[in-house]
Protein chains: 2
Amino acid sequence: MKIAVDAMGGDYAPKAPVEGALLALREYDFEIVLVGVCSVIEPLLQGKDYPRERLSIVDCPEVIGMHESPAISVRKKRNSSIVKAVELVETKQADAMLSAGNTGAVVCAATLSLRLLRGVERPGIAIIFPTLKEPVVVIDVGANIDPKPMHIFQYAVMAEAYSRYILKKQNPKVALLNIGEEETKGTSFSKDCFTLLEKSALNFAGNIEGRDIFRGEYDVVVCDGFVGNIILKLAEGVAEAFIRFIKEIFLSNFISKVGALLVKPAFQKFHRKIDYAEYGGAPLLGVNGTCIICHGVSSPKAIKNAIRFAGQSVSDDLNLHIVESLNLNNQKL
Amino acid sequence: MKIAVDAMGGDYAPKAPVEGALLALREYDFEIVLVGVCSVIEPLLQGKDYPRERLSIVDCPEVIGMHESPAISVRKKRNSSIVKAVELVETKQADAMLSAGNTGAVVCAATLSLRLLRGVERPGIAIIFPTLKEPVVVIDVGANIDPKPMHIFQYAVMAEAYSRYILKKQNPKVALLNIGEEETKGTSFSKDCFTLLEKSALNFAGNIEGRDIFRGEYDVVVCDGFVGNIILKLAEGVAEAFIRFIKEIFLSNFISKVGALLVKPAFQKFHRKIDYAEYGGAPLLGVNGTCIICHGVSSPKAIKNAIRFAGQSVSDDLNLHIVESLNLNNQKL
C-alpha cells in the first residue's frame with residue numbers, strides 16, 4: 001500500500017504534512033510518497049528517525065496556492081504537487097492521495113484525471129463530524145453547490161457505504177437536512193430529494209433540522225454543497241468561539257485560574273472527543289480512486305489519521321462497495 | 001403604547017407569556033393585551049402583583065398548534081390567539097403583537113391582515129444572535145425559503161434599519177452569507193445578490209463565510225430562508241451541546257466539582273452574554289405593522305424583552321425608516 005501525500009498543501013505546509021507522514025510511517029505499514037518541492041522537503045527529514053525504505057519523494061517544482069482558481073491552476077500547473085499526487089493514483093503508482101491544500105483544485109484534478117466511478121454523476125466531499133456520541137458523515141460540503149436531486153441520492157448511497165465499511169457502523173441511519181421534519185417541508189428541491197431517498201434501500205430516517213446534526217443519532221446527513229459548506233464553517237466558528245471564551249473565563253481572575261486547573265483533565269478529555277483531527281480528512285467520494293481532502297489547518301496528527309483512513313478505504317474496497325450499493329439502490333428508483 | 005401578547009403560543013404557554021407580560025408591566029409603561037383563552041389566563045393572574053389598569057384580556061377560544069399548517073390554520077381558526085393578536089394591530093387596537101407560537105402562522109396571518117410595507121415584496125424574519133462582541137442581525141431565517149435576489153436586497157435594507165434604529169449601531173456593516181469571500185463565489189443566485197447589494201447605499205462588506213457570523217464584526221448578515229433556518233437551529237444545537245457537555249465535565253468527579261464552583265461566577269457572566277433571551281424575539285420585517293416572533297422555548301424574561309423591543313420598534317418608527325431606506329436604495333439599482 002502506497003499513499004501519496006501532498007507536502008505543499010495546507011496552512012502549515014510543508015512541516016505538518018511531512019511530520020504527519022513520518023508519524024504514519026512509524027505507526028503503520030504503508031509506503032508513503034511525499035509529493036512536492038524536493039529542496040523544501042529534504043531538510044525537514046534530516047536527523048529524523050523513520051523507516052527510510054518506506055518513504056520516497058516525487059519532486060515537482062510548482063505549488064497551487066490556497067486562493068488560486070481550481071480549474072485554471074489545475075490546467076496550467078501540471079507540475080504542481082496536487083496534480084502530480086493525483087497522477088500517481090491515476091497511473092497506479094500510488095493507491096491513494098491526500099492533500100490539505102486548495103480543495104477545489106483537488107476536486108478538479110481528481111475528477112479530470114481519475115474520472116468518476118461507474119454510475120456516479122458528481123463527486124461529493126464527505127466530512128466526518130465528531131459529536132458527543134458517534135461521528136456523523138455529512139455530504140456534500142462544497143464540491144457541488146447546485147446539485148440535482150439525483151446527486152443527493154448518490155451522495156447518500158456513497159456516504160452510507162463510507163459509514164458502513166470504513167467507520168464500521170451497522171445499518172447506518174441516513175437523514176436529509178431540511179427546515180422541518182415533515183415530508184412536506186422545504187423547497188421543491190428538498191421534496192424531490194426526499195422522494196428519491198424514500199425509494200432507496202438505505203435506512204432513511206427522513207428529514208432532520210440543523211440542531212439534530214450534532215445529536216449523534218444519525219450516521220449520514222445529506223445536503224447540497226452550498227448549505228454543507230456554510231454549516232461546516234459555522235460549526236467550526238461556533239466551536240472555536242466557545243473554546244476561546246472558555247479559556248478567557250478560566251484566566252479572568254485568580255479564583256477562576258485555580259478552578260481551571262482542577263477541571264483541566266476533564267476538559268482535555270472533552271477536547272479529544274470533539275477533535276476533528278481524529279478523522280483526519282474528508283474523503284472525496286465518487287471519483288475512481290482514493291482522495292482525501294484534509295483541513296487547511298491540519299496538524300501532523302490530522303495528516304497521520306488521514307493517511308490511516310486513506311489506507312483503510314483502499315484495503316476495505318470502499319469504491320467497490322459504493323458501485324455495488326449504487327447498482328442496488330438505482331434499481332429501487 | 002399597547003402591545004398584544006399571544007398568551008397561548010410557545011412550549012411553556014400560557015405560563016411563560018403571561019409571566020413575561022407581568023414582568024414587562026412592572027418594568028415598562030406599556031399597556032398589554034393578553035390574547036388567548038380567558039379561563040386559562042385568569043387563574044395565572046390571581047394573587048399576582050402588577051398594575052391592573054394596564055392589563056386587559058381578549059378572549060378567544062381557539063389555539064393554533066405548533067405543528068398545524070400555517071395557511072390552513074390561519075384561514076380556519078379566525079378566533080385563534082395568533083389571528084386575533086394580528087387583528088388587534090390591523091384595527092389599531094394594539095401597536096404591536098408578539099407570539100412564541102407557530103411561526104408560519106404568525107407570518108401568514110401578519111402578511112394577510114397587515115399587508116406589506118410600500119415597496120416590500122416579501123416579509124423576512126430577522127434573528128438577533130448574540131456574539132462575543134456585538135449582536136448580529138441575520139435575515140431571513142425561514143419566512144422565504146426560495147427567495148429572489150431582490151428579496152435578499154430588501155432584507156438587507158430592512159435589517160440594516162433594524163440594526164441602525166433599534167440596536168443603535170452606527171453605519172451597520174452588511175454582509176452576504178456565502179461559501180467564500182471572493183465576489184465570484186457561490187451559486188448564480190449568490191452572485192446576483194452580490195451585484196444588487198454592491199449597488200446599494202448600504203455599508204456592504206461583501207461575502208462572508210459561516211465561521212464569520214459569530215465573530216461579531218458584521219452587524220447584518222443576509223441569506224435565504226432555507227440556509228438561515230438551518231444555521232439558526234445548528235447554532236442552537238452546537239451551543240446546547242457545549243453547555244450540556246460542560247456541565248457533564250463539571251460533575252464528572254470530585255475535583256472537577258470543586259473547580260466548577262470556582263469558575264461558576266465567570267461562567268454565568270458568559271452565559272448571560274450569549275443568552276438569546278436578552279433580545280427576546282425575531283422581528284418579522286416588511287409587514288405593515290409590528291410583529292415579533294419569539295422562540296418556542298421563550299422564558300418569561302425572553303417575552304419581557306421581546307415586549308420591550310416591540311415597543312421600541314413602534315416608538316422609534318422602524319417601519320417609516322424601512323420605507324425611506326427602501327426608497328433611497330431602490331434608486332441605486
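Numbers restart at 1 for each chain; the letters A, B, ... are given by sequence-line order, proteins then strands.
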Legend entry - Side-chain donor/acceptor of A:Asp140 to backbone N/O of A:Ile125, under 3.5 Å: yes

Inset, instruction - Give the member of B:Arg211, B:Glu236, B:Glu182 that has the highest number of heavy-atom pairs under 4.5 Å with chain A. - result: B:Arg211

Inset, instruction - Write down the atom of A:Leu176, the atom of A:Phe204, and the distance for their closest heavy-atom approach. - result: N-CE1, 3.9 Å

Inset, instruction - Side chain from CB out, backbone as N, CA, C, O: work out which of these in A:Ser190 comes under 4.5 Å of a heavy atom of chain B, or both, or neither. - result: side chain

Legend entry - Matching residue for B:Asn102 among B:Ile293, B:Ile64, B:Val107 - test: side-chain contact (heavy atoms from CB on, under 4.5 Å): B:Ile64

Inset, instruction - Could you tell me which portion of B:Leu177 (side chain, backbone, both or neither) has an atom closer than 4.5 angstrom to a non-hydrogen atom of chain A? - result: both

Legend entry - Residue part contacting chain A, namely of B:Ser188, when any heavy atom lies under 4.5 Å: neither

Inset, instruction - Decide if atom NZ of A:Lys148 counts as having more than 12 heavy atoms of other residues, nucleotides or ligands within a radius under 6.0 Å. - result: no

Inset, instruction - Could you go through the salt bridge (Lys or Arg N to Asp or Glu O under 4.0 Å) check for B:Asp219 and B:Lys173 one step at a time? - result: CA-CA 5 Å; B:Asp219 301 299; B:Lys173 258 171 106 173; over 6 Å; no

Inset, instruction - Below 4.5 Å from any heavy atom of chain A, which atoms of B:Ile230 appear? Answer side chain, backbone, both or neither. - result: both

Inset, instruction - Check for a donor-acceptor pair, side chain of B:Asp212 on one end and backbone N or O of B:Glu209 on the other, with a separation under 3.5 Å. - result: yes

Inset, instruction - Tell me, for B:Phe214 versus chain A, whether the close heavy atoms (under 4.5 Å) come from the side chain, the backbone, both or neither. - result: side chain

Inset, instruction - Go through A:Asn253, A:Ile231, A:Asp146 and name the one with the most non-hydrogen pairs under 4.5 angstrom from chain B. - result: A:Ile231

Inset, instruction - Decide, yes or no, whether a salt bridge links B:Glu68 with B:Lys77 under the criterion of side-chain N to carboxylate O below 4.0 Å. - result: yes

Inset, instruction - Would you mind checking which part of B:Asn178 comes under 4.5 Å of any heavy atom in chain A, side chain (CB onward), backbone (N, CA, C, O), both or neither? - result: both

Inset, instruction - Mind ranking A:Leu261, A:Val258, A:Val227, A:Ile255 by heavy-atom pairs under 4.5 Å with chain B and telling me who comes out on top? - result: A:Ile255

